[in-house]
Amino acid sequence: MGTLVRFEDLTLGYDRHPAVHHLQGEIADGSLMAICGPNGAGKSTLLKGIAGVVAPFGGAIVWPAKKPPRIAYLPQSADIDRSFPINVLDMVAMGIWTRSGPFGGIGRAHRRIDAAIAAVGLAGFETRQIGTLSGGQLQRMLFARLLLQDAQLILLDEPFTALDAKTTTDLIDLVARWHGERRTVLAVLHDFDLVRRHFPETLLIAREKIAWDATDRVLQPDNLQRAAAMIEAFAHHAPACERVA
């Protein structure tokens, strides 16, 4: 497998305060990788940097293929405005915008949309408003939208938090399907048992890299203790980093 993306002394953050500090490493095309670490470790910020939502203020994110692949990004469920007046069908259909554009219409794609909704177990929910869905139903809907995006790189931010066991199992099966199709999947996760069972590679960070290797080597007690200590020692009121020219 070739390199999909490489981090070169990458620093990401907000108002020049680093959330991810001097990260070095590369992700192979077709990887299935968990990103773990304590709260405040910079995991979500790293996904936002890869997705292009947050720009580096130090180092670089390098795409050896000269341009980023098609990326599908699923933020935390708390970032979804459930009061927005939209139904399941229209929300899922947004997944085809990357190809059709917002004014391309969805008529020809109806079969694909229906198939994606059925694939996540939501057939019959097409006209339901998203504000009426349970947490598990909402996440199934968002995974259906990911299916339609047909992306080579899929970024998932805490995709299984507060879900029932059946929903988690069904969505993990979709992740395994993507991996079988040689797509690259990066997921921010807190459940170490789930990571050990389903994700062969793990990056453990605590604002900087603690360990990045096969999962069984990374999720060792000494690494986890070091990550916790790094976050506890972090000075939230430290001066801002120098701005890079």
Side-chain angles (χ1 to χ4, degrees), residues 1-14 17-51 53-54 56-64 68-69 71 73-76 152-161 168 172 175-176 178-179 182-236 238 241:
M1 293 186 294
T3 299
L4 179 70
V5 60
R6 184 168 61 250
F7 309 128
E8 296 182 349
D9 198 31
L10 175 66
T11 298
L12 298 162
Y14 310 93
H17 289 275
V20 175
H21 208 212
H22 299 299
L23 180 63
Q24 193 81 22
E26 62 184 39
I27 297 171
D29 192 14
S31 294
L32 177 57
M33 189 176 86
I35 301 172
C36 299
N39 289 335
K43 305 180 296 296
S44 296
T45 302
L46 178 57
L47 286 196
K48 290 177 181 178
I50 298 170
V53 177
V54 173
F57 58 78
I61 298 173
V62 177
W63 305 95
I71 298 174
Y73 169 51
L74 178 65
Q76 295 180 22
Q152 179 57 34
L153 174 57
I154 301 167
L155 309 175
L156 308 173
D157 197 351
E158 299 188 21
F160 312 118
T161 299
T168 298
I172 280 287
V175 170
W178 287 326
H179 182 51
R182 302 190 65 80
R183 303 177 195 269
T184 303
V185 182
L186 310 181
V188 169
L189 298 167
H190 290 282
D191 185 337
F192 293 158
D193 289 336
L194 186 148
V195 172
R196 290 185 177 99
R197 290 196 304 270
H198 300 288
F199 290 79
E201 185 181 1
T202 297
L203 166 61
L204 177 64
I205 61 173
R207 296 186 179 264
E208 64 183 48
K209 180 176 71 176
I210 301 298
W212 188 348
D213 205 333
T215 294
D216 59 347
R217 296 176 185 169
V218 170
L219 297 183
Q220 294 292 325
D222 57 339
N223 286 333
L224 298 176
Q225 291 170 7
R226 183 180 164 210
M230 287 286 292
I231 292 299
E232 290 172 0
F234 180 76
H236 291 277
C241 293

Residue list, side-chain contact (heavy atoms from CB on, under 4.5 Å) with H179, at least two apart or on another chain: L32
Side-chain (R207) to main-chain (M230) donor-acceptor, under 3.5 angstrom: no
Set of side-chain contact (heavy atoms from CB on, under 4.5 Å) partners for K209, sequence neighbours left out: L23, L203, W212
Closest approach of T184 to G30 (non-hydrogen atoms, all atoms of both residues): OG1-N, 2.7 Å
Any donor-acceptor pair under 3.5 Å from K43 side chain to A187 backbone: no
Stepwise side chain to side chain contact (heavy atoms under 4.5 Å, CB included) check, V195 with V218: CA-CA 11 Å; V195 172; V218 170; over 6 Å; no
Qualifying residues under salt bridge (Lys or Arg N to Asp or Glu O under 4.0 Å), relative to R196, sequence neighbours excluded: D193
Candidates T215, N223, D213 - the one meeting side-chain hydrogen bond (donor to acceptor under 3.5 Å, both in side chains) with T202: T215
Atom of F57, atom of G13 and distance for their closest heavy-atom approach: CE2-N, 3.3 Å
Set of salt bridge (Lys or Arg N to Asp or Glu O under 4.0 Å) partners for D216, sequence neighbours left out: none
Residue pair P159 / L74: nearest heavy atoms and the distance that separates them: CB-CD2, 4.4 Å
Partners passing side-chain contact (heavy atoms from CB on, under 4.5 Å) against Q225 (at least two apart in sequence or in another chain): P221
4.5 Å side-chain heavy-atom contact, F160 and D191: no
G42 versus V20, closest heavy-atom pair with distance: O-CG2, 3.3 Å
Gap between atom OH of Y14 and atom NZ of K48 - 0.5 Å precision: 4.5 Å
Partner residues of W178 under the ring-ring contact (aromatic ring centres under 6.0 Å, His included) criterion, sequence neighbours left out: F143
Set of residues satisfying salt bridge (Lys or Arg N to Asp or Glu O under 4.0 Å) with respect to E8, sequence neighbours excluded: R6
Contacts of type salt bridge (Lys or Arg N to Asp or Glu O under 4.0 Å), residue D9, not counting sequence neighbours: none
Side chain to side chain, L46 and L10, heavy atoms closer than 4.5 Å: yes
Residues which pass side-chain contact (heavy atoms from CB on, under 4.5 Å) with E158, listed by chain and number, not counting sequence neighbours: Q76, T161, V188, H190
Closest approach of S44 to D157 (non-hydrogen atoms, all atoms of both residues): OG-OD2, 2.7 Å
From F199 atom CZ to I172 atom CD1, the distance as rounded to the nearest 0.5 Å: 4.5 Å
CG on L204 to CZ on R226, rounded to 0.5 Å: 9.0 Å
Between CD1 on residue I205 and OG1 on residue T45, distance to nearest 0.5 Å: 8.0 Å
Non-hydrogen side-chain atoms of E201 and I27 separated by less than 4.5 Å: no
Nearest atoms (heavy-atom pairs only) where A227 meets P38: O-CG, 3.7 Å
Atom pair CG/CD1 of L153 and I71 - distance to nearest 0.5 Å: 5.0 Å
Side-chain (T11) to main-chain (H22) donor-acceptor, under 3.5 angstrom: yes
Heavy-atom side-chain proximity of I231 to N39 below 4.5 angstrom: no
Rounded distance [0.5 Å steps], CG in L156 versus OH in Y73: 10.5 Å
